[in-house]
Amino acid sequence: MATSTASSPNSLLFHQSSSRKSSSLAIPSSLRLSKPSSLSLRRISCTAVTAPLSVSSSNASTGRVFNFAAGPAILPESVILEAQAELFNYQGSGMSIMEMSHRSKEFDYVIKKAESDLRSLLSISDDYSVLFLQGGATTQFAAVPLNLCASPDSTADFIVTGSWGDKAFKEAQKYCKPNLIWSGKAEKYTKIPSFDSLQQSPDARYLHICANETIHGVEFKDYPTPANKDTILVADMSSNFCSKPVDVSRFGVIYAGAQKNVGPSGVTIVIVRKDLIGNAQPITPVMLDYKTHADTLSLYNTPPCFAIYICGLVFADLLKKGGLAEVEKNNAKKAGLLYDTIDASGGYYVCPVEKSVRSLMNVPFTLRQSELEKTFIAEASKEGMVQLKGHRSVGGMRASIYNAMPLAGLEKLVAFMKDFQARNP
């Protein structure tokens with residue numbers, strides 16, 4: 001069988017320049033980050049057959065589509081290419097990052113650098129532990145009450161603005177006494193309440209929010225302050241993690257599945273204030289106890305090594321782009337282009353979410369003529385714009401436009417939307 005020797009993003013041609021140098025980073029001494037001398041950078045290559053695309057290309061030069069999936073989701077092309085170049089022989093180690101021990105000096109460097117870069121991005125102080133875990137954000141629905149509530153009789157408050165907040169509330173019922181202080185279900189999860197109107201429990205151990213509801217496209221633009229100074233603010237930030245600056249000091253716990261904005265599926269990031277660690281309920285499984293992972297620097301058992309490695313590349317990429325303030329500006333520009341197109345369509349396209357809380361990450365919309373939605377999705381796919389079908393629970397369409405979605409993807413989508421409307425009045 002003939003093999004391809006042309007360099008292209010969807011080939012398996014691994015290439016690394018010998019002139020490539022690692023960037024100089026200011027890394028906290030507490031991480032004891034020391035790049036092992038064995039990580040020499042040298043040229044490596046491996047050639048394999050290029051798989052043909054089954055859909056029309058969105059970009060003729062790369063053969064890649066614009067992927068609007070909610071997660072696993074689009075990653076920066078530069079990150080994918082860097083991982084591709086290092087995949088066969090990671091920086092001269094003689095093996096792939098997927099093969100090496102999580103106890104090796106090479107992976108020790110990878111995970112510590114990832115943590116250091118994340119701390120830089122979000123200005124995370126030494127008062128917090130950063131944990132790289134498994135089980136998805138859904139596992140944290142149980143881990144949070146088990147770690148923060150002294151007993152099943154402890155109270156926790158929940159603001160439910162969508163399906164994921166509702167799931168967190170229901171899971172917490174097994175491990176504490178959750179109090180639903182507000183739910184947007186009656187209004188089909190299209191708004192966020194005024195914080196002043198919330199009746200918080202005076203003895204609540206924590207107040208839980210989902211910062212961005214992936215399915216319904218509702219995003220907190222500010223965060224509530226717990227009424228009791230001893231109540232901890234907890235946020236599921238899975239779908240807007242690292243999409244904008246966040247004052248971490250306002251929270252006791254932030255958790256996020258990586259597969260939206262910062263990596264592939266398989267790793268969950270937990271940022272937890274250190275004084276909250278070590279008080280888990282006796283029934284807490286060892287793998288759900290934050291102390292287990294804080295004490296072992298996320299290496300109690302074999303972690304999702306490759307996913308952590310990719311997260312590290314993404315964090316470094318975000319820093320190169322100027323940090324999260326610049327990332328937020330770019331995200332606002334992209335989202336504005338799409339929302340403006342929807343609002344200017346004369347009701348042909350409709351986004352049901354209240355304008356003040358529309359998500360910059362996940363944009364749900366419907367067609368006035370719902371019978372045309374399948375046609376819209378099919379034609380968009382043929383044009384190289386995929387995964388625009390809305391979540392099965394709400395229908396319609398949804399464009400997930402995470403950090404890595406380029407402006408060109410939005411420009412192509414809105415041009416298609418205008419053309420589709422003109423052809424199907």
Side-chain angles (χ1 to χ4, degrees), residues 8-10 51-77 80 190 212-219 239-240 243 260-261 327 329-353 355 358-425:
S8 68
N10 69 314
L53 287 171
S54 59
V55 296
S56 299
S57 171
S58 69
N59 188 325
S61 66
T62 65
R64 285 174 59 81
V65 297
F66 290 120
N67 176 15
F68 291 93
I74 186 172
L75 287 167
E77 287 190 2
I80 296 173
T190 55
N212 184 80
E213 284 285 354
T214 318
I215 294 174
H216 295 91
V218 177
E219 182 175 20
S239 53
N240 67 349
S243 68
K260 313 291 186 180
N261 248 332
V327 169
K329 289 178 186 178
N330 188 48
N331 287 334
K333 182 177 181 179
K334 293 185 300 182
L337 184 61
L338 180 51
Y339 284 122
D340 286 348
T341 300
I342 292 170
D343 293 341
S345 70
Y348 191 86
Y349 300 105
V350 177
C351 174
V353 180
K355 288 186 177 181
R358 284 176 169 178
S359 171
L360 296 186
M361 298 287 99
N362 310 100
V363 182
F365 61 97
T366 57
L367 278 171
R368 181 167 55 203
Q369 303 176 65
S370 60
E371 65 274 12
L372 289 175
E373 290 175 354
K374 287 185 178 179
T375 302
F376 179 98
I377 293 166
E379 290 188 6
S381 181
K382 289 180 181 178
E383 293 298 321
M385 293 170 286
V386 302
Q387 299 296 319
L388 282 165
K389 185 177 180 180
H391 190 270
R392 61 186 179 278
S393 66
V394 296
M397 280 77 67
R398 174 179 54 178
S400 293
I401 50 176
Y402 298 120
N403 292 349
M405 174 60 66
L407 180 61
L410 273 299
E411 291 172 340
K412 179 161 185 168
L413 176 59
V414 300
F416 171 79
M417 291 170 68
K418 292 173 182 178
D419 178 67
F420 187 88
Q421 181 177 355
R423 291 186 289 106
N424 301 276

Worksheet item: Would Asn261 and Asn240 count as a side-chain hydrogen bond (donor to acceptor under 3.5 Å, both in side chains) if you check the C-alpha gap in whole Å, the side-chain angles of each, and the deciding distance to 0.1 Å?
Response: CA-CA 7 Å; Asn261 248 332; Asn240 67 349; over 6 Å; no
Discussion item. If you apply the rule side-chain contact (heavy atoms from CB on, under 4.5 Å), what do you find for Gln421 with Ser345, and how did you get there?
Written reply: CA-CA 8 Å; Gln421 181 177 355; Ser345 70; 3.6 Å; yes
Item to complete: Please report the C-alpha distance between Val65 and Gln387 in whole Å, then the side-chain angles of each, then the deciding distance to 0.1 Å, and finally whether the side-chain contact (heavy atoms from CB on, under 4.5 Å) criterion is met.
Response: CA-CA 10 Å; Val65 297; Gln387 299 296 319; over 6 Å; no
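Contact annotation: the side chain of Phe66 never approaches that of Leu413 to less than 4.5 Å [non-hydrogen atoms, C-beta and beyond]. When side chains are defined from C-beta on, Asn424 does not count as touching Leu367, because their heavy atoms never get closer than 4.5 Å. In this structure, Leu372 and Tyr348 have side chains that are in contact, with non-hydrogen atoms separated by less than 4.5 Å. Looking at heavy atoms from C-beta onward, Thr366 lies out of side-chain contact with Tyr349 at the 4.5 angstrom threshold. Side-chain contact between Asp343 and Lys355: present, with at least one pair of heavy atoms (C-beta onward) separated by less than 4.5 Å. Using a 4.5 Å cut-off on side-chain heavy atoms (C-beta onward), Leu360 and Ser243 make no contact. Counting heavy atoms from C-beta on, the side chains of Phe416 and Glu379 come closer than 4.5 Å.
The main-chain N or O of Met361 is never found under 3.5 Å from a side-chain atom of Glu219 such that the two would form a donor-acceptor pair. Side chain of Lys334 to backbone of Pro406: no donor-acceptor contact under 3.5 angstrom is found. The backbone N or O of Glu383 lies less than 3.5 Å from a partner atom in the side chain of Lys412, making a donor-acceptor pair. Remark: the backbone N or O of Gly217 is not paired with any side-chain donor or acceptor of Arg398 at under 3.5 angstrom. Of the possible polar contacts, none joining the Glu373 side chain to the Met397 backbone as a donor-acceptor pair under 3.5 Å is found. Looking only at distances, no side-chain donor or acceptor of Glu213 sits under 3.5 Å from a matching main-chain atom of Ser239. No donor-acceptor pair closer than 3.5 Å links the side chain of Tyr339 to the backbone N or O of Cys351.
Of all the heavy atoms in Leu75 and Arg64, the pair that sits closest is O-NH2, 4.3 Å. Nearest heavy-atom pair, Ala73 versus Lys260, reported as atom, atom and distance to 0.1 Å: CB-O, 3.6 Å. Heavy-atom minimum distance, Thr214 versus Ala70: CG2-CB, 3.9 Å. For Leu388 against Met385, the heavy-atom pair with the smallest separation is CD1-O, 4.0 Å. Across all their heavy atoms, Met405 and Gly409 have their closest contact at SD-CA, 3.9 Å.
In summary, of the residues considered (Val353, Val394, Val350), a side chain to side chain contact (heavy atoms under 4.5 Å, CB included) with Pro364 occurs for Val353 alone. Tyr402 pairs in a side-chain hydrogen bond (donor to acceptor under 3.5 Å, both in side chains) with only one of the listed residues (Asn67, Asn362, Asn331), which is Asn362.
Enclosure of atom CZ in Arg392 is not indicated, since only 12 or fewer non-hydrogen atoms of other residues, nucleotides or ligands lie within 6.0 angstrom.
Within the model, atoms CD1 of Ile401 and CG of Leu338 stand 5.5 Å from one another, a figure rounded to the nearest 0.5 Å.
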